[in-house]
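Predicted model only: the values in this text are computed from it and were never measured. Start at 1 and go down the list; that is how both ligands and their atoms are numbered.
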Amino acid sequence: MTRTAEDLAKAYFATGAVEELPSGHFIHGAFVPGSTGDMLESDDPGLARAFASFSAGNADDIAQAVESAEKGLAVWRDTPPAKRCQILNRAAALIRERGEYLAFVETLDSGKTLVEARGDVQSCARFFEYYAGAADKLEGSSIPLGPGLTSWTEREPVGITAHIIPWNYPTSTFARGIAPALAAGCAVVAKPAETTPFTALILAQWLHEAGVPAGVLNVVTGLGQDAGAPLVRHPSIAHVTFTGSVTTGVGVMQAAAPNVTRLTLELGGKSPLVALADCDLDRAVDGALWAIFSNAGQICSAGSRLVVERSIHDELLEKLIAKARALKLGHGLTTADVGAINSGLHLGRIAGHVDAARARGCRIVTGGQATLDPETGAGWFFEPTIIDDVAATDPAIQEEIFGPVLAVQVVDNEEEAIAIANATEYGLVAGIYTRDVGKALRLARSIDAGQVTVNDYWAGGIEVPFGGNRKSGFGREKGLEGIDAYTRTKAITIRH
Ligand code: NAD
């Protein structure tokens with residue numbers, strides 16, 4: 001019988017070690033040691049201590065992985081789509097079957113709660129299942145040119161795709177890009193974040209077991225500069241899918257430019273949750289709470305700004321603060337509501353943003369401090385924090401904090417809510433809470449965001465396209481549109 005994550009957690013807390021973690025890169029269907037033998041450590045954020053080590057990849061490892069992907073591509077793009085579909089469905093089933101182990105490792109590596117990690121594992125399986133279903137439906141069209149000519153289009157895989165994966169959703173971001181790439185017939189080289197390397201390695205092995213041929217899916221671990229940079233500038237890469245910060249994303253764009261490599265960039269945001277005076281207040285309170293405190297706020301699409309109409313501000317804030325204060329922080333492998341911050345470095349960044357806001361005179365109405373797990377006195381945690389009535393130009397409104405920090409903006413009407421919602425450089429998500437369908441539609445159409453939800457901030461699913469406008473990036477992942485990045489159209493015309 002497969003062990004539950006709770007069983008695995010018990011063994012981990014007793015020994016401080018994790019059994020069966022992969023070591024080395026995953027290249028050509030096997031784990032191989034890094035070219036230098038250099039290792040890096042991965043930390044358990046809930047205890048702020050290392051629990052395992054992994055290979056520090058470099059340009060040589062990337063070259064080996066790309067060479068393997070070239071061989072894999074030759075096999076995979078000619079594998080009948082129906083067969084690719086069967087293999088990816090088998091992978092989804094395997095992920096579900098072994099999901100408890102994956103959720104356990106994800107929790108340990110990222111700091112998130114087990115509940116969240118289990119959700120991510122289900123999303124991961126869904127991505128493979130969803131795009132398995134698309135693999136044999138990538139149809140072209142015929143173009144009428146009149147007698148003597150026959151013209152049609154085919155959709156072919158773009159080639160080898162590179163995937164730079166962040167640390168906040170390692171398992172689901174892996175699947176978000178790699179499932180459609182594989183369904184389209186591409187071969188893949190992935191580079192997970194340096195603080196969360198393990199789930200990508202595990203998934204690569206499982207996909208291979210499910211039937212993905214050697215070379216089709218390769219994973220190289222290591223630092224962004226040492227392993228990520230040589231990957232995105234490699235001339236054999238046809239498309240880069242990058243999720244991470246704006247600064248690194250701009251660098252990736254520049255590195256890809258000389259080879260004219262295609263890109264999908266998912267770069268974060270400062271998304272507004274707009275609560276209008278006529279909303280269902282309790283629903284808005286719960287929406288706002290989990291829009292910012294899920295995954296300890298380390299979400300590109302977090303609702304990090306609450307734009308609230310003045311007449312409901314006091315009541316909404318009072319309820320929200322009470323709920324924020326009641327959240328239990330703790331190690332992800334316990335029953336905590338909110339887990340740890342992924343790294344000491346990132347905890348320092350969050351604290352720096354909040355300290356600067358305090359120094360500017362911003363009103364922090366709850367939280368505001370880095371803290372420890374109350375059970376163990378260890379770990380990297382930050383209190384659920386709310387900063388009230390912040391000016392539109394303040395850095396707490398303009399800068400992505402990427403932590404459990406909500407900035408509140410007060411508005412007097414619908415028009416002001418739209419103006420304020422749009423007044424940052426980002427455009428990823430917007431949540432709207434109102435009972436008035438007319439207002440909901442006007443706001444949904446007027447707010448510059450890749451996706452808008454009404455009366456449920458996280459409404460949606462794998463089926464719904466996702467991506468940003470402006471500095472939140474470009475390209476769409478998820479949904480049927482998500483496969484477009486991994487195919488290109490070839491037009492064939494015959495005179496006869
Ligand atoms: P980052 O953008 O530097 O890292 C993201 C990924 O890019 C990691 O896998 C990293 O190894 C890789 N990387 C780094 N430098 C690279 C390079 N030169 N070439 C190729 N790949 C490279 O993000 P970070 O430093 O881990 O976090 C900083 C900020 O990024 C956070 O505070 C947050 O605002 C943002 N962030 C956003 C997301 C998101 O989902 N959009 C995810 C993680 C972090």
Starting from atom 24 (P) of ligand 1, which protein heavy atom do you reach first, and at what distance in Å?
W167 NE1, 3.7 Å
Among the heavy atoms of G251, does any lie under 4.0 Å from an atom of ligand 1?
no
Charged N to carboxylate O below 4.0 Å: is that the case for E463 and R126?
yes
What residue and heavy atom of the protein are closest to atom 6 (C) of ligand 1, and at what distance?
I164 CG2, 3.6 Å
Got the closest protein heavy atom to atom 18 (N) of ligand 1, with its distance?
Q225 NE2, 3.6 Å
Closest to atom 25 (O) of ligand 1 (heavy atoms only, candidates H353, H346, R349, E400) is R349
Judged on heavy-atom distance to atom 23 (O) of ligand 1, which of S343, S301, A227, S245 sits nearest?
S245
Any atoms of ligand 1 less than 4.0 Å from a non-hydrogen atom of E266? List them with their elements.
41 (N)
Is it true that R96 and E129 make a salt bridge, defined as a side-chain N closer than 4.0 Å to a carboxylate O?
yes
Going by the closest heavy atom to atom 22 (C) of ligand 1, which one wins out of G269, A190, G224, G268?
G224
Side chains of D120 and T171: do they bring a donor and an acceptor to under 3.5 Å?
no
Return a yes/no value: protein heavy atom under 4.0 Å from atom 4 (O) of ligand 1?
no
Could you tell me whether D286 and K323 have a side-chain N and a carboxylate O separated by less than 4.0 Å?
yes
Residue C300 vicinity, atoms of ligand 1 by number, heavy atom under 4.0 Å
39 (C), 40 (O), 41 (N)
In terms of the angle between their ring planes, are F51 and Y12 parallel, tilted or perpendicular, with boundaries placed at 30° and 60°?
perpendicular
Flag the pair H28 / H25 as yes when at least one side-chain heavy-atom distance between them is below 4.5 Å, and no otherwise.
no
Has D456 got a side-chain atom pairing as donor or acceptor with W458's backbone, closer than 3.5 angstrom?
yes
Carboxylate-amine/guanidinium contact R176 E477, below 4.0 Å:
yes
Within reach of ligand 1, part of L231 (heavy-atom separation under 4.0 Å):
neither
Hey, is ligand 1 close enough to I165 that some N/O pair sits below 3.5 Å?
yes
Which of the atoms in ligand 1, numbered in the order shown and given with their element, are less than 4.0 Å from a heavy-atom of L267?
41 (N)
Looking only at heavy atoms, is any part of Y169 under 4.0 Å from ligand 1, and if so is it the side chain, the backbone, or both, or is it neither?
neither
Within ligand 1, which atoms have a heavy atom of E194 less than 4.0 Å away?
8 (C), 10 (C), 11 (O)
Short list, please: which atoms of ligand 1 are under 4.0 Å from a heavy atom of T243?
5 (C), 39 (C), 40 (O), 41 (N)
Report, in ascending order of atom number, the atoms of ligand 1 lying under 4.0 Å from any heavy atom of G244.
2 (O), 36 (N), 37 (C), 38 (C), 41 (N), 42 (C)
Is K270 positioned over the aromatic face of Y426, cation under 6.0 angstrom from the ring centre and no more than 45 degrees off axis?
no
Can you tell whether the side chains of E209 and R98 come within less than 4.0 Å, N to carboxylate O?
yes
Among I62, I164, T248, which residue satisfies the side chain to side chain contact (heavy atoms under 4.5 Å, CB included) criterion with V232?
I164
Could you identify the single nearest non-hydrogen protein atom to atom 43 (C) of ligand 1 and state the distance to 0.1 Å?
P166 CB, 3.6 Å
For atom 20 (C) of ligand 1, closest protein heavy-atom neighbour
G228 C, 3.3 Å
Starting from atom 38 (C) of ligand 1, find the nearest protein heavy-atom neighbour and note its residue, name and distance.
F402 CZ, 3.4 Å
Salt bridge or not for R118 and E106, using N-O below 4.0 Å?
no
Among protein heavy atoms, which sits nearest to atom 15 (N) of ligand 1, and what does the distance come to when rounded to 0.1 Å?
T248 CG2, 3.3 Å
